[in-house]
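As structure tokens, the structure follows; a few thoughts come after it.
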Amino acid sequence: MRPTEQLHIQLLEALSQLTKLRPEWRLGQTVANLATTAGRMDAGGVWDLEDEEALLAARTLIAQYSQIESNVAAPDAVPYGNRQTDPAPHTAFAGGDGR
């Protein structure tokens, strides 16, 4: 298997895992969140996003949301008042209805 194919498989697996963690995100929103997390803030950020950057961003978001999920599953593990529900920098893409 070529390195590009392996990278694509890893990225698709990461997208699948991220979709399980954030099922309310639309696919386009997820891709935009990857670009934002990778630091691609300009209008062409999604277009210019490299596969390696997208994979790193996906892994970053997976780690963040896995931590949130573990805190939700064990709410006593985080003191009341110190709990963060959405620390990711991509919230600008979230619509008013949570999407």
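The model shown is predicted, which means the values in this text are computed figures rather than measured ones.
How far CH2 of W25 is from CG of L15: 10.5 Å, rounded to the nearest 0.5 Å. Put simply, CD on E53 and OG1 on T37 are 11.5 Å apart, with the number rounded to the nearest 0.5 Å. Here the CG-OG1 distance, from L27 to T19, works out to 7.0 Å after rounding to the nearest 0.5 Å. Between atom CG of residue L21 and atom CD of residue Q64 there is a gap of 11.0 Å, rounded to the nearest 0.5 Å. Interatomic distance, CD of E24 versus OG1 of T30, reported as 8.5 Å (0.5 Å rounding). Atom CD1 of residue I68 and atom CG of residue L61 lie 9.5 Å apart, to the nearest 0.5 angstrom.
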For the pair L34 and L18, evaluate side-chain contact (heavy atoms from CB on, under 4.5 Å) and give the outcome as yes or no after the intermediate values.
-> CA-CA 10 Å; L34 291 178; L18 190 53; 4.1 Å; yes
M1 vs H8, side-chain contact (heavy atoms from CB on, under 4.5 Å): CA-CA, chis, key distance, verdict | CA-CA 11 Å; M1 181 178 304; H8 288 174; over 6 Å; no
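The two residues L55 and Q10 come nearest to each other via the heavy atoms CD2-OE1, 3.5 Å. For the pair A32 and V46, the tightest heavy-atom approach, listed with the atom from each and the gap, is CA-CG2, 3.9 Å. Across all non-hydrogen atoms, the minimal contact from L49 to A54 is CD2-CB, 3.6 Å. In plain terms, the two heavy atoms of I62 and A14 that are nearest each other are CD1-O, 3.5 Å.
Residue Y65 is tested with R22, Q17, K20 for a side-chain contact (heavy atoms from CB on, under 4.5 Å); the sole match is R22. Of the listed residues (R2, E52, E50), just one forms a side-chain contact (heavy atoms from CB on, under 4.5 Å) with L7, and that residue is E52.
For the pair S16 (side chain) and L12 (backbone), a donor-acceptor distance under 3.5 Å is absent.
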